Amino acid sequence: MNKNTPPEEFTGDLDLNKPQTEAAGIAAITASFEHVLRGTNLVRGWKALVNLNQKDGFDCPSCAWPDPDGQRSPIAEYCESGAKAVADEVMTKHTASPVLFQRYSVAELTEKSDLWLGQQGRLTQPLVLRPGATHYVPIDWSEAFGLIADQLNALESPNQAIFYTSGRASNEAAFVYQLFVKMFGTNNMPDCSNMCHESTTVALTETLGLGKATVTYEDYETADVVMIMGQNPGTTAPRMLTPLEEMKRKGGKIIAVNPLHEAGLLAFKYPQSPRDMLLGGEKLADVFLQVRINSDLALLKAMCKLLLEEEKKTPGKVLDQSFIATHTSGYEAFVKSLDQFDLNELAAQCGLSVAQIQEAVDQFKYTPKLVIVWAMGLTQHKNGVATIQELINLLLLKGSIGIKGGGASPIRGHSNVQGDRTMGVWEKPKPELLEALERVFHFSPPQDNGYDAVASVKAMHEGKASVFFGLGGNFAMAVSDTNYTGEALRNCKLTVHVSTKLNRSHLIHGETALILPCLGRTDHDVQASGPQFISCESTTGVVAQSHGILDAVSPHLKSEVAIICQLAKATLNGKSTVDWDSLMGDYDKIRELIGKTIEGFADYNKKVRQPGGFYLPNGPRKREFAKTSDGKAHFTINAPTPHDLQTGELLLMTIRSHDQFNTTVYKNADRYRGVHNERRVVFMHADDIANLGLQARQAVDLHSRYDGVTRTAHRFLVVPYDIPRGCLAAYFPETNVLVPIDQMAEKSHTPISKSIVVRISPSQE
Ligand SMILES: Nc1nc2c(c(=O)[nH]1)N[C@H]1C(S)=C(S)[C@@H](COP(=O)(O)OP(=O)(O)OC[C@H]3O[C@@H](n4cnc5c(=O)[nH]c(N)nc54)[C@H](O)[C@@H]3O)O[C@H]1N2
Ligand SMILES: Nc1nc2c(c(=O)[nH]1)N[C@H]1C(S)=C(S)[C@@H](COP(=O)(O)OP(=O)(O)OC[C@H]3O[C@@H](n4cnc5c(=O)[nH]c(N)nc54)[C@H](O)[C@@H]3O)O[C@H]1N2
Ligand SMILES: [Mo]
């Protein structure tokens, strides 16, 4: 086994059922409780669940779906995924205490699966792996901070250090983190967004002037049509199905665009509704477009062409000419550019007929109340930015931006990934932020852009960076090219992870390595001034508070805020104007500083205490596009770039199972897709299986070849599935070995995790 990659855990016990045709329902409730009951401490689990997403409770650590603006269900505002995420944080019987690390060397832990590592429970004490040592051993907090400070201060340049963030960090932690890092002297702040919605941020900032959703929670309920592209809501944002069901009951329509007939796109049973449980749930998708992988740009272009034809048939009824004239630029050039594209060719690229696309267009041709929802199915391709810009073209044609029931709706992943960016965690800080930091904190922040996730890996590999610090996450497994990334991390002098649970990034380490255990979302956080709360921003830009409600599993855990403030104090050693102790002792003081520095946060302490929180300012929502280059929303010209697959080549998308949260595997299963007891599976069309001379359940290797180098992911069992010809699906992170580090989206640099060209061969073993 390569020491940079996980063991190829293969259960050999694959069990296949028919994929499900509806999401949630009784099975979801049972699954939620199964996860709660799995631990020994029922009281903790129950207490956590009843406080989840309540106005005085804590923000779900799972996804970034917003809470309802008005009333919340008094019993439960959670879904199966949230219950699993909470159970994962609070319920495990064991703790990953120093005893575990005494028992297993790093080499032995490396042999364990990611599932096993996660099952060891919460980390309890700071740990160090000293140069040449075989085992992690406990270390005092103060020694740990001193060690990191010494290594940072010994660097020739601050730019030799990299500070990663995963999207669970609170606004308060993110703000002090980016402040510390900039005071230290670098903008090397890659984050999970680089691998996630970066294409969205780039596309929306260029076209609308703000890289965030233009919709509010209410818009999902009041839309006439919601088009869901490249997102699997039943698994990755299940609570989204509640407002969608409501909009369907009012007569709304749903269009689903996905290579797979995902259960959560077909039908939904609201688990807390007796009516649904008795009478059956709501059919969701009215039109299902089973597109080929990465053909969405062609589809959107075909839709725009059809809309223009409809406008010719019924002038003034289809396009919003007044919105276009007042608020947009580039319309004429865009319309002219559409002439270059042939409708039949565009449809053929998608694997659809023109009639199918027309059926979708018929749903929204006469209404502007159109919400387009998207996630990783659009962002993680070479042309991810262009596809999202084409989606904006469609919304601009209809005048669907800045109206009730319409708009652009990226669904963010991690629960506070959006807030972290708002707080300034970004390798390309905005000039306004740098000016504000200089004004408020009296220092000269670094002006040059730092490394994003991919550039960080390359810098470590090339020896240009030698300290890696991760605030949460599992960088080694999340980023592409697992082997290359592993070599990069092993090149470091120091790797540090602030974590709640053990993961593989702790095992792929630098010369010295530290694990700093922190409080999670569910834990009480008590500092010098008393109990603290933190705050997070949802995908619709609502900032709300979150209170931990359980006692921490160990007295040695520190909050992320405390860890960063103490590290800042040790590293900057009196060279900063900030009183780190006072910030750590009272988070209101951090929020005061955020209020002085970041737009939209004036009176933060007051506003965040309103039940349900507050909406951040959002120009596009009010049809204000002041932050684009000409103050208008932009039509853009984007050309589809079909994959030119050779014989034997297929296009692979790497997706999430229903039983994982990113790199955390809850179970070797994917209930909605009917897969049990195994994760190393590859979903294939029956004709492709036959054509390649393969059999169902046969073990195969997947090979990607880019720039003359072949990368292989070993031993995946073939699962015949309803997926377009030429397309494959398999789970991440196991497939990240196949993605070359320099294969990324144009402009956003997001790895091409959803369109990897591969070949298949029978496994040799
Ligand atoms: N339970 C659970 N919830 C999660 C997560 C988790 O791992 N588990 N992760 C969180 C995070 S960080 C994120 S970013 C989100 C991710 O949420 P999603 O983006 O919904 O997650 P993925 O599994 O990556 O699924 C992408 C979907 O896009 C489809 N797809 C793939 N390629 C294409 C394409 O080319 N075109 C189209 N139209 N569709 C395509 C796939 O079939 C799949 O249905 O979820 C968040 N919530
Ligand atoms: N091939 C492929 N690769 C992908 C993707 C894909 O679809 N395909 N998706 C990409 C996406 S969208 C994302 S967002 C990234 C995810 O990348 P990351 O955010 O880096 O990964 P996670 O798996 O979410 O990180 C899990 C770890 O975070 C730690 N953790 C959990 N809660 C907390 C907390 O409250 N505080 C701290 N400090 N630590 C905590 C735990 O130790 C846990 O092991 O992966 C990306 N990689
Ligand atoms: Mo994500």
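Order of listing sets the numbers, starting from 1, for every ligand and every atom in it. Keep in mind it's a predicted model, so treat the numbers as computed, not measured.
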Residue portion contacting ligand 2 (non-hydrogen atoms closer than 4.0 Å) for C196
both
Just by distance, with hydrogens left out, do S199 and T379 show a side-chain donor and acceptor under 3.5 Å apart?
no
Is ligand 2 under 4.0 Å from a heavy atom in the side chain of T654, in the backbone, in both, or in neither?
both
Would you check if the distance from the ring center of Y164 to the ring center of F469 is below 6.0 Å?
no
Report yes if N232 has an N/O atom closer than 3.5 Å to an N/O atom of ligand 1; otherwise report no.
yes
Atom 34 (C) of ligand 2 has as its nearest protein heavy atom T500 CG2, 3.6 Å
With a heavy-atom distance limit of 4.0 Å, tell me whether H414 approaches ligand 2 through its side chain, its backbone, both, or neither.
side chain
Which residue and atom name correspond to the protein heavy atom nearest atom 47 (N) of ligand 1, and how close is it?
T236 O, 2.9 Å
Residue-ligand contact H658/ligand 1, heavy atom below 4.0 Å:
no
My understanding is that we take every heavy atom of each candidate and find the minimum distance to atom 29 (C) of ligand 1. Doing that for V373, N294, N258, D296, which one comes out nearest?
N258
Nearest neighbour of atom 23 (O) of ligand 2 from the list T663, N474, N416, I655, on a heavy-atom basis:
T663
Please state whether the rings of F101 and Y136 are parallel, tilted or perpendicular, taking 30° and 60° as the class boundaries.
perpendicular
Geometric class of the H506/H497 ring pair [parallel <30°, tilted 30-60°, perpendicular >60°]
perpendicular
With nothing but distance in play, are any N or O atoms of Q660 less than 3.5 Å from an N or O of ligand 1?
yes
Filtering F475, Y164, F661 for the heavy atom nearest atom 20 (O) of ligand 2 leaves Y164
Pick one of side chain, backbone, both or neither for how N736 approaches ligand 2, counting any non-hydrogen atom pair under 4.0 Å.
side chain
Give the residue and atom name of whichever protein heavy atom lies nearest to atom 15 (C) of ligand 1, and the separation in Å to one decimal.
G413 CA, 3.8 Å
For the pair T235 (side chain) and N232 (backbone), establish whether a donor and an acceptor sit closer than 3.5 Å, ignoring hydrogens and angles.
no
Kindly confirm or rule out a cation-pi arrangement of R168 over F661, judged by NZ or CZ under 6.0 Å from the six-membered ring centre and within 45° of its axis?
yes
Side chains of H509 and T495: any donor to acceptor distance under 3.5 Å?
no
I want to know whether Y721 and H685 have ring centres closer than 6.0 Å.
no
Of all protein heavy atoms, the one nearest atom 44 (O) of ligand 2 is N503 ND2, 2.8 Å
Is R521 positioned over the aromatic face of F58, cation under 6.0 angstrom from the ring centre and no more than 45 degrees off axis?
no
Out of P259, P238, C350, whose heavy atom is nearest to atom 40 (C) of ligand 1?
P259
Between Y177 and F163, how do the two ring planes meet: parallel, tilted or perpendicular, split at 30° and 60°?
perpendicular
Provide the closest heavy-atom pair for C60 versus S415 in the form atom of the first, atom of the second, distance.
O-CB, 3.3 Å
Minimum distance, heavy atoms only, to atom 36 (N) of ligand 2: which one of K501, E198, E560, R168 is it?
E560
Closest to atom 11 (C) of ligand 2 among R656, E734, K754 (heavy-atom distance):
R656
